[in-house]
Amino acid sequence: MNNEIKLNDLIPVNPDEYQKYRLHFAKPTFDKEAGNRYFPLQVLHNQLFEADNDGWDQWQTRMHNSKGERFPSDFVITFAQYPDNSDTFLFGGVFKIIDRDKTNDKYNIEWQSEYEKYVGRLVVKVKLEARSVYRKLDNLFPTVLIKEILPSPFYTGEKFPGYKKLDLTYNKLSEIDHGYLHDWKQVLQNIEGVYLITDEKNSKLYVGSATGVKGIWGRWISYYNSLTGGNKGLEELNEESKKKFDENYIKQNFHFSILEAYALGSIGREKIIERESMWKNRLRSRETGYNKN
């Protein structure tokens, strides 16, 4: 017995109606002028959880690209690609094109309410042989399989383990940043304190502190984006790794954990700096680790 559940079982489209639909499998893009990389999964996440954010709508409404009209159809079924899995996508909704604003080169769209409950929850798997992200239904639509339906938008079912048990790799930071663990990000944004970075390969340590806006998460995301967070000892390590043609050393070997956590703004920056210095002394991270001050 075949237990596969197909997208067509949930969003039924008769083959006679295929020409009225298009599929949009949104993938990460790079803006050469701005020098920024955009992840559709994060754009979808932000619209779902931030008031007055319509980034996902804007991702859909541009009418033309260099190859012509993006969606010459009446309806579009949208998905956002998981950044570390090319075959897995999260459902972003179905919209109807109300009209085409040729002056501003944009679609005016209306999201179909009957599928709203699956937005951010329905995970599908599909093998895209061609590079195009705008696809006709034809032979592709029947091959889109439902992988799972999350209990709530972007919730993977993995519970926050608590501060004392937290041990995050770079891959885990990526999951949090891209919205897979939305509740984890909320927790980390609302605490400040002293954290520890452990080099799993040589057991060297780096002790740091985080205060202010976005708390510990704000500090950790700077490491995720830049690898070093601007710290001298980590910058030296990164440069040394590059010379050895091991540019992924930090990503592969660093783990992030929390030594002390406090509610944001509860004890003051000076006290946290004092606790940070105490941990540096106790763990001897200046003498044997990556701390330089």
Side-chain angles (χ1 to χ4, degrees), residues 28 37-51 53 55-56 79-85 88-92 117-123 147-200 205-229 234 250-267 272 275-276 279:
R37 189 167 177 80
Y38 296 97
F39 294 90
L41 199 71
Q42 190 167 24
V43 174
L44 174 59
H45 168 275
N46 291 346
Q47 178 160 318
L48 287 176
F49 290 101
E50 296 177 4
N53 187 314
W56 184 243
F79 302 92
Q81 185 184 44
Y82 279 67
D84 300 320
N85 191 329
T88 304
F89 294 80
L90 190 66
F91 179 62
K117 62 184 177 181
Y118 298 115
V119 174
R121 296 178 56 211
L122 177 64
V123 183
K147 190 173 182 180
E148 64 178 316
I149 298 179
L150 304 175
S152 59
F154 282 84
Y155 179 62
T156 65
E158 187 175 353
K159 294 182 179 179
F160 185 76
Y163 310 129
K164 294 182 179 180
K165 295 182 179 180
L166 200 66
D167 181 22
L168 303 182
T169 62
Y170 258 82
N171 284 340
K172 209 66 175 181
L173 289 178
S174 176
E175 289 183 25
I176 297 172
D177 186 44
H178 292 108
Y180 305 152
L181 299 164
H182 176 75
D183 51 336
W184 291 35
K185 181 185 285 190
Q186 286 186 320
V187 171
L188 294 171
Q189 283 180 336
N190 286 286
I191 59 171
E192 58 189 11
V194 184
Y195 59 85
L196 179 69
I197 300 177
T198 303
D199 186 330
E200 291 291 305
L205 306 175
Y206 177 88
V207 175
S209 64
T211 58
V213 179
K214 295 188 177 181
I216 283 179
W217 175 251
R219 194 71 192 100
W220 282 0
I221 195 61
S222 72
Y223 291 108
Y224 174 73
N225 289 326
S226 69
L227 296 181
T228 67
L234 301 184
I250 288 179
K251 288 184 178 181
Q252 292 172 348
N253 295 292
F254 275 23
H255 283 235
F256 297 77
S257 57
I258 295 175
L259 296 171
E260 296 187 18
Y262 304 92
L264 206 60
S266 62
I267 69 168
I272 289 178
R275 299 299 296 170
E276 176 190 16
W279 280 107

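In what follows, residues are counted from 1 in the order of the sequence shown. These numbers were taken from a predicted model, which means no experiment stands behind them.
Within the 3.5 Å criterion, the main-chain N or O of G265 finds a donor-acceptor partner in the side chain of E192. The closest donor-acceptor contact from the side chain of R275 to the backbone of S209 lies at 3.5 Å or more, if one exists at all. Checking side-chain atoms of R121 against main-chain N and O of L150 turns up a donor-acceptor pair under 3.5 Å. A donor-acceptor distance shorter than 3.5 angstrom exists from the side chain of N190 to the backbone of Q186, with no hydrogens or angles considered.
Residues Y223 and F256 meet the side-chain proximity criterion, which asks for heavy atoms closer than 4.5 Å. Using a 4.5 Å cut-off on side-chain heavy atoms (C-beta onward), I267 and I272 make contact. Here the side chains of Y82 and V123 are in contact, with some heavy-atom distance below 4.5 Å. Residues F91 and V119 form a side-chain contact, since some pair of their non-hydrogen atoms from C-beta on lies under 4.5 Å apart. Contact check for Y163 versus V187: side-chain heavy atoms found under the 4.5 Å cut-off.
The aromatic rings of Y195 and W220 lie perpendicular to each other, with more than 60° between the two planes, well past the 30° mark.
Between G218 and I221 the shortest heavy-atom distance is O-CG2, 3.2 Å. Pairing each heavy atom of L166 with each of W184, the nearest pair is CD1-CZ3, 4.2 Å. Pairing each heavy atom of Y170 with each of Y224, the nearest pair is CE2-CA, 3.6 Å. Between E276 and V194, the shortest heavy-atom contact is N-CG2, 3.8 Å. Contact detail for V207 and L196: the closest heavy-atom pair is CG2-CD1, 3.9 Å. Across all non-hydrogen atoms, the minimal contact from I250 to T228 is CD1-CG2, 4.4 Å.
Every residue two or more places apart in sequence or in another chain was checked for a ring-ring contact (aromatic ring centres under 6.0 Å, His included) with Y206, and none qualifies.
Remark: S174 OG to L168 CG distance equals 12.0 Å, nearest 0.5 Å. Separation of atoms OG1 (T169) and CD (Q252) is listed at 11.5 Å; rounding is to 0.5 Å. Summarising the geometry, atom CZ belonging to F79 is positioned 13.0 Å from atom CG belonging to L41; distances are rounded to the nearest 0.5 Å. Taken from CD1 in I197 to CG in L205, the straight-line distance is 10.0 Å, to the nearest 0.5 Å. Note: W217 CH2 to L173 CG = 5.5 Å, rounded to the nearest 0.5 Å. Summarising the geometry, atom CG belonging to N253 is positioned 11.5 Å from atom OG1 belonging to T198; distances are rounded to the nearest 0.5 Å.
A side-chain N or O of E260 and one of W279 form a donor-acceptor pair less than 3.5 Å apart.
Annotation for K214: atom NZ does not count as buried by contact number, only 12 or fewer foreign heavy atoms lying within 6.0 Å.
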